[in-house]
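Presented below is the structure to which this report refers.
Within every chain, numbering begins at 1; the chains are lettered A, B, ... in the order of the sequence lines, protein sequences first and strands thereafter. All heavy atoms count here, side chains included; hydrogens, waters and symmetry mates do not.
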Protein chains: 2
Amino acid sequence: AAVFNSISPAEFFYRNRHMAGFGNATLAVYSTVRELVENSLDACEDSGRLPFIIVDLVDESHDFVSVTVADNGTGIPYQHVSESFGKMLFGSKYDTRQKRGTFGLGATMAVLYGQITTEHAVEVHTQTGTSGGHAYRLLIDIEHNVPIVESDSTLDRDGPGTTVTIHIKGDLKRAQDRILEYLRMTTIVTPHAKVLLRINRIATATLGRWTEQLPSVPVVSKPHPRAADLEMLKRLIAENKQKSVRSILVESFQQVGDHTAARLLRHAALDSRKVGWSLSREEISRLSAALKSFDGFARPDGSCLSPVGRDSFLTSVKSVFPVSFCSYGRRGPSEWEGNPFVVEGVLASGDSVDESDVPVLYRFANKVPLLYDASDDVFMKVLKKIDWSKYCVRGARQVYVFVHLSSTRIPYRAAGKQSIALVPEIEAEALTLLRGLARELGKSARELGHRGRSVKK
Amino acid sequence: AAVFNSISPAEFFYRNRHMAGFGNATLAVYSTVRELVENSLDACEDSGRLPFIIVDLVDESHDFVSVTVADNGTGIPYQHVSESFGKMLFGSKYDTRQKRGTFGLGATMAVLYGQITTEHAVEVHTQTGTSGGHAYRLLIDIEHNVPIVESDSTLDRDGPGTTVTIHIKGDLKRAQDRILEYLRMTTIVTPHAKVLLRINRIATATLGRWTEQLPSVPVVSKPHPRAADLEMLKRLIAENKQKSVRSILVESFQQVGDHTAARLLRHAALDSRKVGWSLSREEISRLSAALKSFDGFARPDGSCLSPVGRDSFLTSVKSVFPVSFCSYGRRGPSEWEGNPFVVEGVLASGDSVDESDVPVLYRFANKVPLLYDASDDVFMKVLKKIDWSKYCVRGARQVYVFVHLSSTRIPYRAAGKQSIALVPEIEAEALTLLRGLARELGKSARELGHRGRSVKK
Ligand SMILES: Nc1ncnc2c1ncn2[C@@H]1O[C@H](COP(=O)(O)OP(=O)(O)OP(=O)(O)O)[C@@H](O)[C@H]1O
Ligand SMILES: Nc1ncnc2c1ncn2[C@@H]1O[C@H](COP(=O)(O)OP(=O)(O)OP(=O)(O)O)[C@@H](O)[C@H]1O
Ligand SMILES: [Mg+2]
Ligand SMILES: [Mg+2]
């Protein structure tokens, strides 16, 4: 007879670690650095300080690598450290604000991979603004998805922040170049960060700080009505049982005033005075259908987002790449299934290294560089839709395209955060953005051509 | 201050349903059919009966679709029905035997999507060989990942099997062709199945049964030593605390006899008489490294796998495609990270519909057709590595390549089961397989060319 049982989220991601970016030794080192650096940058931005991150990679014997990431961020409150690193689907980023982190998995995946490939526990040193320093050594009980604290002591630190050290089996030599590229790309979309990379204790690269301008701080915004599936409506109604469905709509959602609420309720054939708890599933379903199909909403509120911004993005691209022409564009805020988003882009051109008639594409999502799995990505699809030969002087200049998606939810294809799914609204905005940037490139190429010709005469 | 909390697996896949194949209305209908049909086929094969599956798709008003899948399989034991459909990470397929299902997510994802887009609960009618029939109406409490049973009654059925009906918001017109193709491809790798597709109650297609030959029944095999990471070793040792490490190796793993165990322990610098509970983490780590790096193991035991097989595969391809040349090949059993696998392929050619110099590729994993996300797939990569112009007479004939991966674990890129990650061992075997099949195609094309010429003279 069949044996039925349930597995914990940690057991699921242990068995399917391929999906989370921990499928092989090279990718595991890269993913460990990525997950820790992204946590550090989220924490630095929450602290309001200019981020300073130190990444230490040390080659140990027999294909073992130790990865240490230190930051000057908020630190982790004492009582949450063990679960932050020893429990899957746990974290502080589950609200609707743009952040790099979103799943509650990353740090714990790195701990899990380190624990199944080496005998070392993870070491976390942390201090918040309101506490002294703490040092922890942690493991994860995979079957039960709970942390195992090996040691927990106080520690003297020189200020708030977090330092995490994880030992993993990995191929540092192979992962090294990708890690450097990842850190360099990180400063493109996080130009106010300074990142120091040390390999085997030798300073290999100092990247950034390209600007001291802090990015805007995203604030939690009300959900957009287009996100209202039956589950979300059920939860909002449960929190406002006594209220009328009209006031639930106006108070819970953004872009819904009295007038719009009246129209929506007429559309759903619902009496606006009906109280929350009296709505049947069938009525909630009609309300969800009305919200999803209504196309009269104003643009979504972009205050939950934090794009890079024109000045910072142009500055960082010019600081990292040898470019002479550089142009910025931005679309949105729009929404996909009720998730507000903005797409920004920089198109730059510089002297050509090798002949290429398609621009080099660099993709970013919520300030995370996406370096793998480009073929199925929505931005790659958009890049290929454009006939670049119309806009570029072939072969004369190398063209770079940087595209950054900011959203309260990124439609990643897998938990390893490398590729964005083909969402029509995102694809449409990105296409308009890139076409606009391509036209500017074409205009500048013609002007350059004119100037070139006038000089040659 | 940051607010920390944990989310349930259902909440995680609710927020990130893109990753599980439920990202848009067309894909949702396709994925619902796929998840239910795969469950049905697993159950039929467990029952030992020839599978007969009926798929009913009904267009309801306003973009709503009802999906009903009925099978003559084992049925679901009474006390496990609610969790099978109302709890993520729950199921009966967590052992190391080849099956279509592996995550414990599929059916529950379909229930979740139906529940957040329509007011209907899922209906499950089921009967096992040892019970009467039961009828359930279920929902899932997403925040807590537990089922909500709306109704539970006895039901008269004409024998064991299961019928599931889910209502979802979806675009049936758009999904219809893909669903038909999916079912047709299903019969290629499950040729002993008969599938009836009805759309709006009209019989649209009857597919299969191409053979009455049952596939081999996979049995649970011992883990392969190359799968021994520290977590697996820790669990095996915990179950055998009193035993010597030598007998733990010999009894727990396949392909490890006394002689091999002695060599491995020497390699790990461990005394073979040491008892399980006395091993330190450091010693377990040395043992894992020795097992992972040892290259003297015999071929893995393939009894946990159930390939399609030469006769069945050739029969099914010829039954579905208009082909005149058809050749079969198979590699393995080999292992990837200790997971046994076999790669089978059929290369066929028939009259050409349109000019194409690259064969049309059909991918399968554990008898599941993979119709989406081909660009990043390991088999697509291998297909492109071969210079087909060397083997095919260009344009004269349409060439089809069917590749099927059987394994105790499929390295899917995401939970939506559409694309296989680039695992070196799988890539290497698939390349050898396809080269062999391509050579046979070349040979047959030359023979045909000779015959053609001799006729023309
Ligand atoms: N360097 C750090 N500074 C401050 N807080 C941190 C740091 N690293 C981890 N955390 C805390 O630990 C939690 C869990 O981190 P983890 O990476 O597992 O998940 P996440 O960042 O929330 O989401 P994701 O899986 O998308 O990365 C975070 O939400 C954050 O609150
Ligand atoms: N038609 C069916 N006949 C018999 N058992 C079934 C059927 N459908 C579902 N089940 C049972 O319900 C369990 C859960 O199904 P579900 O699809 O969610 O997960 P799974 O098939 O185990 O894995 P996966 O997520 O990879 O599909 C199965 O393991 C199986 O035991
Ligand atoms: Mg994180
Ligand atoms: Mg299933």
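Judged by distance alone, with hydrogens and angles left aside, the side-chain atoms of B/K169 form no donor-acceptor pair with the main-chain N or O of B/F64 at under 3.5 Å.
A/S375 and B/D376 are linked by a side-chain donor-acceptor pair at a separation below 3.5 angstrom, with hydrogens and angles left out of the test.
Put simply, of B/G416, B/S288, B/A414, the one with the most heavy-atom pairs under 4.5 Å next to chain A is B/A414. For the options A/T128, A/V3, A/L112, heavy-atom pairs under 4.5 Å to chain B are most numerous at A/V3. Heavy-atom pairs under 4.5 Å with chain B were tallied for A/M88, A/E337, A/R17, A/M232; the largest tally goes to A/E337. When the candidates B/L89, B/L233, B/L105 are compared by the number of heavy-atom contacts under 4.5 Å with chain A, B/L89 comes out ahead. With chain B as partner, the option from A/E143, A/M19, A/E11 having the largest number of non-hydrogen pairs under 4.5 angstrom is A/M19. Note: B/Q115 leads B/R286, B/K87, B/Q115 in heavy-atom pairs under 4.5 Å with chain A. Counting heavy-atom pairs closer than 4.5 Å to chain B, the top-ranked of the candidates A/G104, A/A289, A/G91, A/S419 is A/G91. With chain A as the partner, the residue from B/R413, B/R15, B/H120 showing the most heavy-atom pairs under 4.5 Å is B/R15.
Using the six-membered ring where Trp is involved, B/F12 and A/F13 have ring planes that are perpendicular, over 60° apart on the 30 and 60° scheme. Taking the six-membered ring where tryptophan is involved, the planes of B/F90 and A/F4 are essentially parallel, since the angle between them stays under 30° and well short of 60°.
Ion pairing of B/D46 with B/R97 is present here, as a side-chain N (NZ or NE/NH1/NH2) and a carboxylate O approach within less than 4.0 Å. Using a cutoff of 4.0 Å between basic side-chain nitrogens and carboxylate oxygens, A/E119 and B/R281 are not scored as salt-bridged. Ion pairing of B/E239 with B/R235 is absent here, as no side-chain N (NZ or NE/NH1/NH2) approaches a carboxylate O to less than 4.0 Å.
Contacts between B/N16 and chain A at a heavy-atom distance below 4.5 Å involve the side chain alone, from C-beta outward. For a residue to count as touching a neighbouring chain, one of its non-hydrogen atoms must lie under 4.5 Å from one of that chain's; by this rule A/I7 touches chain B with backbone and side chain alike. For chain A, the nearby part of B/L139 is the side chain; its heavy atoms alone come within less than 4.5 Å. The contact between B/S8 and chain A is made entirely by backbone atoms, counting heavy-atom distances below 4.5 Å. Interface remark: B/I116 contributes backbone and side-chain atoms alike to the contact with chain A (heavy atom separation under 4.5 Å).
Here the options are A/T74, A/T126, A/N39, the test is side chain to side chain donor-acceptor pair (under 3.5 Å), and the partner is A/T162; only A/T126 passes.
In this structure, A/F85 CZ and A/I166 CD1 are separated by 7.0 Å, a value rounded to the nearest 0.5 Å.
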